[in-house]
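Treat the numbers as computed from the prediction; the structure is a model and nothing was measured.
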Amino acid sequence: MKNQQSGVILSLTATPGGIGYAMVGGFGPVCCAIESLSRDLAAELGSFGVRVVNIRSAGSPDSRPFKEFIATGSDDANSFLQKIVDDTMLNQLPLMQDIANTAVFLGSDMAGKITGVTIDVTAGTTAAINYKSTKPAFLSGN
C-alpha cells in the first residue's frame, strides 16, 4: 500500500470500544485498544495515501455467535438479545449486511477522505441505559 500510495485498512470493534458497557470484562479495553491503534495507524500512514478506518458494530443477530446463542432457545438468550436491542436508539441491531455495506463504502473512492475515525454502526447504542433501568420516583407513584 505504501509503495502504490493508496489503500484502506479496516478494523472492526464493538460497542464497548466507545462507551462504558457493563458485563463485558476485558473486551471493552481490547476494543478501545483496537480503535486507538486504528487512529494511530491513520496518522502514520496517511502521508503515504493509506487510509485507516474502524467500524464499530453492536453485534448482529444474524452472525454465527448470536445465531448459536439464540438457537439454544433459552429464556436467557432471548432476554439478553432483547436488552441489547432495547439499548439502541433504533430498537434494532445492525445485520451482517449493514456491516458489509459500510465496509464496502469505506473501501471505496466515495469515502476517499475518511480516515482516522471509527464509524459507528450500532443503531445508536446508548451507554447501557437499559441495562439496569429503574423507574424514576415520579413514575412509580411514590
Side-chain angles (χ1 to χ4, degrees), residues 1-140:
M1 287 186 206
K2 180 178 171 182
N3 291 339
Q4 66 188 25
Q5 293 286 297
S6 70
V8 182
I9 298 171
L10 296 176
S11 56
L12 179 67
T13 58
T15 301
I19 59 175
Y21 210 82
M23 308 300 287
V24 297
F27 184 61
V30 168
C31 289
C32 290
I34 292 169
E35 292 182 15
S36 181
L37 174 64
S38 177
R39 281 189 308 276
D40 287 351
L41 277 176
E44 297 257 347
L45 301 175
S47 63
F48 300 107
V50 178
R51 297 186 298 112
V52 185
V53 185
N54 181 68
I55 301 169
R56 182 186 302 140
S57 171
S60 302
D62 60 338
S63 66
R64 186 176 53 88
F66 273 73
K67 282 178 167 178
E68 289 175 359
F69 188 47
I70 293 166
T72 65
S74 75
D75 289 338
D76 287 343
N78 293 327
S79 174
F80 173 77
L81 183 61
Q82 191 58 53
K83 282 183 181 186
I84 295 173
V85 169
D86 289 344
D87 200 30
T88 68
M89 295 172 194
L90 298 177
N91 294 315
Q92 57 184 305
L93 292 173
L95 299 177
M96 295 292 289
Q97 188 65 51
D98 297 315
I99 305 305
N101 289 341
T102 302
V104 168
F105 168 71
L106 290 171
S108 76
D109 289 339
M110 290 189 297
K113 301 299 183 261
I114 299 174
T115 192
V117 297
T118 290
I119 303 297
D120 192 282
V121 188
T122 65
T125 299
T126 65
I129 199 164
N130 296 314
Y131 177 70
K132 290 184 181 176
S133 60
T134 57
K135 285 188 176 182
F138 62 87
L139 291 179
S140 65

Would you call [X] and [Y] a side-chain contact if the rule is heavy atoms closer than 4.5 Å?
| X | Y | value |
| --- | --- | --- |
| Leu45 | Thr115 | no |
| Thr118 | Ser38 | no |
| Pro61 | Leu95 | yes |
| Ser60 | Ile99 | yes |

*Name all pairs fulfilling the ring-ring contact (aromatic ring centres under 6.0 Å, His included) condition that reach into residues 80-119, sequence neighbours left out, sorted by first residue then second.*
Phe69-Phe80

Contact summary for [X] and [Y], nearest pair of heavy atoms:
| X | Y | result |
| --- | --- | --- |
| Ser63 | Met96 | CB-SD, 3.6 Å |
| Pro94 | Ser57 | CG-OG, 4.1 Å |
| Gln92 | Val85 | N-CG1, 3.9 Å |
| Leu93 | Ala58 | CD2-CB, 3.9 Å |
| Ala77 | Thr72 | CB-OG1, 3.9 Å |

If I take atom [atom1] from residue [X] and atom [atom2] from residue [Y], how far apart are they, to the nearest 0.5 angstrom?
| X | Y | atom1 | atom2 | result |
| --- | --- | --- | --- | --- |
| Arg56 | Ile34 | CZ | CD1 | 11.5 Å |
| Asn3 | Gln5 | CG | CD | 8.0 Å |
| Ile70 | Glu68 | CD1 | CD | 10.5 Å |
| Cys32 | Leu37 | SG | CG | 13.0 Å |
| Ile114 | Ile119 | CD1 | CD1 | 5.0 Å |

*asked:* For a side chain to side chain contact (heavy atoms under 4.5 Å, CB included) check, start with the C-alpha distance between Val121 and Asn101, then their side-chain angles and the critical distance, and finish with the verdict.
replied: CA-CA 10 Å; Val121 188; Asn101 289 341; over 6 Å; no

[X] and [Y]: side-chain donor and acceptor closer than 3.5 Å?
| X | Y | answer |
| --- | --- | --- |
| Asn78 | Gln82 | no |
| Thr122 | Asp120 | yes |
| Thr125 | Asp87 | no |

*Look at atom CG of Asn91 and say whether more than 12 heavy atoms of other residues, nucleotides or ligands are closer to it than 6.0 Å.*
yes

*asked:* Holding to salt bridge (charged side-chain N to carboxylate O under 4.0 Å, His left out), I want the full list of residues that pass it with Asp98, two or more places apart in sequence or in another chain.
replied: none

*asked:* Has Arg51 got a side-chain atom pairing as donor or acceptor with Leu106's backbone, closer than 3.5 angstrom?
replied: yes

